[in-house]
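As the structure is a computational prediction, the values presented were derived from the model and not from experiment.
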Protein chains: 2
Amino acid sequence: MTDTAPAPRTRIQEKNTSAILDAALEVFSQAGFRGATLDQIAKAAGLSKPNLLYYFPSKEAIHVALLSQLLDSWLDPLRRLDPEGDPVDEIVRYVLRKLDMARELPRESRLFANEILQGAPRIHDYITGPLKDLVDEKARLIQSWATAGRIAPVDPHHLIFSIWATTQHYADFDVQVRGILAPGGDAHFDGAAKFLQHLYRRGMAPD
Amino acid sequence: MTDTAPAPRTRIQEKNTSAILDAALEVFSQAGFRGATLDQIAKAAGLSKPNLLYYFPSKEAIHVALLSQLLDSWLDPLRRLDPEGDPVDEIVRYVLRKLDMARELPRESRLFANEILQGAPRIHDYITGPLKDLVDEKARLIQSWATAGRIAPVDPHHLIFSIWATTQHYADFDVQVRGILAPGGDAHFDGAAKFLQHLYRRGMAPD
DNA sequence: CGTCATCCTGACCAATTGGTCAAACTCTTT
DNA sequence: AAAGAGTTTGACCAATTGGTCAGGATGACG
């Protein structure tokens with residue numbers, strides 16, 4: 001709650017803090033906060049536990065550092081929903097951007113999912129604050145598109161939820177997706193992109 | 001891995017095992033396997049920890065008992081996808097049934113989500129076995145509808161994934177949904193039902 | 001080269017946690 | 001009411017875990 005990560009001053013600090021954060025992202029995203037241990041993180045970062053605690057004051061501080069670092073970039077795709085663009089195109093582009101994030105940053109997505117599943121103890125204020133504000137703003141934009149007859153008349157909030165759900169699903173439920181589809185790299189992301197494009201283009205096209 | 005739950009023989013066993021399972025569902029679904037403690041479960045069940053371990057041999061056994069009990073009912077809505085019904089209606093009904101489950105059984109949904117997020121260590125065989133089999137079977141059914149021109153030509157697996165994602169989202173990300181929408185009971189489920197019905201009816205209608 | 005700040009470690013600690021056990025209590029049955 | 005199965009508990013244990021600390025190693029720099 002107080003300080004999270006020291007601002008790196010030396011080259012060694014730079015290297016070690018980023019090694020720690022990367023290791024912690026790996027461990028936290030796979031095991032959740034309580035499931036992760038400092039020993040696991042230290043080992044993954046190639047450091048001793050006391051040395052790890054030399055850079056971060058506590059397990060909690062590492063977790064908070066990861067989350068605040070993540071939340072910065074998390075809102076970005078939604079923020080880029082452009083009032084000037086073609087409504088249906090904008091929505092489809094948003095879907096595809098989110099799907100890209102699920103492919104490129106699955107650990108971040110799972111870290112977030114874990115936090116929400118656990119009741120969002122550490123980011124509740126973020127959700128009811130900045131996140132809600134941005135969502136409400138973009139919901140008004142989508143609503144105005146609907147009112148103008150430029151997209152189908154749907155509830156904007158549920159549209160946004162469905163986009164989050166369908167795209168993050170490929171990161172958060174990765175094990176399930178891979179278990180059901182024939183194995184093999186990230187190939188299924190192309191199929192997902194094609195399907196979601198179809199679904200939202202059709203679903204959002206004006207009457 | 002060996003035995004999970006004793007088959008209840010006496011009235012007391014009946015009462016206590018179900019109290020334990022209910023308490024464990026509450027705790028596991030909110031904290032995940034490693035995050036949950038036997039003390040929490042025992043307290044929630046109104047029993048002492050040793051007494052809890054009189055009914056179940058280990059923490060793991062409780063978790064396994066919960067999962068296998070859940071998986072039974074989990075496949076049910078998909079299983080009821082009817083080859084004889086109208087294709088679009090069947091898909092929409094499936095969506096609404098899954099959404100109902102997210103409202104009625106959110107703890108079960110979160111238990112499942114936790115397990116998958118954690119890499120599905122305990123149900124991996126179930127996913128690549130019975131689950132994959134049923135999904136593949138129903139995917140073939142949906143594919144045949146598409147080939148016959150009775151629904152839009154989409155990848156059936158990704159259609160199913162999107163349905164899982166959009167509906168379970170309301171259980172798994174409940175905190176986020178409530179944090180963004182104005183608070184107030186389960187009212188938003190009606191809005192969700194309306195939106196999803198629109199999205200899938202439009203999205204799946206034949207050309 | 002010496003000194004000072006930074007960096008690292010082994011040893012240690014208190015709290016938590018999953019699980020055991022012998023003894024005691026209670027309920028049913030004859 | 002006595003036996004015996006079934007139920008409950010307090011005391012206890014070993015392992016794990018988050019975190020501390022004094023001191024030693026290693027760098028940067030005049």
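A:Gln30 places a side-chain N or O within donor-acceptor distance of the main-chain N or O of B:Gln118, the cut-off being under 3.5 Å. Checked by atom type and distance alone, the side chain of A:Arg97 pairs as donor or acceptor with a backbone atom of A:Pro77 at under 3.5 Å.
With rounding to whole Å, B:Lys49 atom NZ is found 14 Å from C:dC21 atom C1'. Between B:Ile12 atom CD1 and D:dT9 atom P there is a gap of 12 Å when expressed in whole angstrom units. The interatomic distance linking B:Phe28 (CZ) with C:dT17 (P) rounds to 13 Å, in whole Å. Atom-to-atom, NZ of B:Lys15 to C1' of D:dG6 comes out at 14 Å; the value is rounded to the nearest Å. Straight-line distance from the NZ atom of B:Lys43 to the C1' atom of C:dT16: 15 Å, rounded to whole Å. Taking atom CD1 on A:Ile41 and atom P on D:dG18, their separation rounds to 8 Å, with Å as the unit. Summarising the geometry, the separation between CD1 on B:Ile20 and C1' on D:dT8 is reported as 12 Å, rounded to the nearest angstrom.
Here A:His158 and B:Tyr170 bring their ring centres to under 6.0 angstrom of each other.
Proximity note for B:Leu53 (side chain, C-beta onward) versus D:dG6, D:dG19, C:dT20: the nearest is C:dT20. Of the candidate nucleotides C:dG18, D:dG19, D:dT17, C:dG18 has the atom nearest to the side chain of B:Asp39.
One cannot find a donor-acceptor pair under 3.5 Å joining the base of D:dG19 and the side-chain atoms of A:Lys59.
Using a 4.0 Å cut-off, no side-chain N or O of B:Asn51 falls inside it from OP1 or OP2 of D:dT7. Note on B:Asn16: a side-chain N or O is less than 4.0 Å away from OP1 or OP2 of D:dT8. Distances shown here put a side-chain N or O of B:Tyr54 below 4.0 Å from the OP1 or OP2 atom of D:dT7. The shortest distance between the side-chain N/O atoms of A:Thr10 and the OP1/OP2 oxygens of C:dC7 is below 4.0 Å. When the side-chain nitrogen and oxygen atoms of B:Arg34 are compared with OP1 and OP2 of D:dT16, none of them lie within a distance under 4.0 Å. For D:dT7, the OP1/OP2 oxygens have a side-chain nitrogen or oxygen of B:Gln13 closer than 4.0 Å. Contact check, B:Tyr55 against D:dG6: no side-chain N or O comes under 4.0 Å of OP1 or OP2.
Of the two residues near DNA chain C, B:Arg11 and B:Pro50, the one whose nearest nucleotide lies more 5' is B:Pro50. Nucleotides of DNA chain D nearest to B:Ser48 and A:Gln40 differ in position, and the one nearer the 5' end is that of B:Ser48.
Heavy atoms of A:Ala36 sit under 4.0 angstrom from primed sugar atoms or phosphate atoms, though from no base atom.
Rounding to the nearest 0.5 Å places CG of B:Asn114 at 10.0 Å from CG of B:Leu67.
Here the side chains of A:Ile12 and A:Tyr55 are in contact, with some heavy-atom distance below 4.5 Å.
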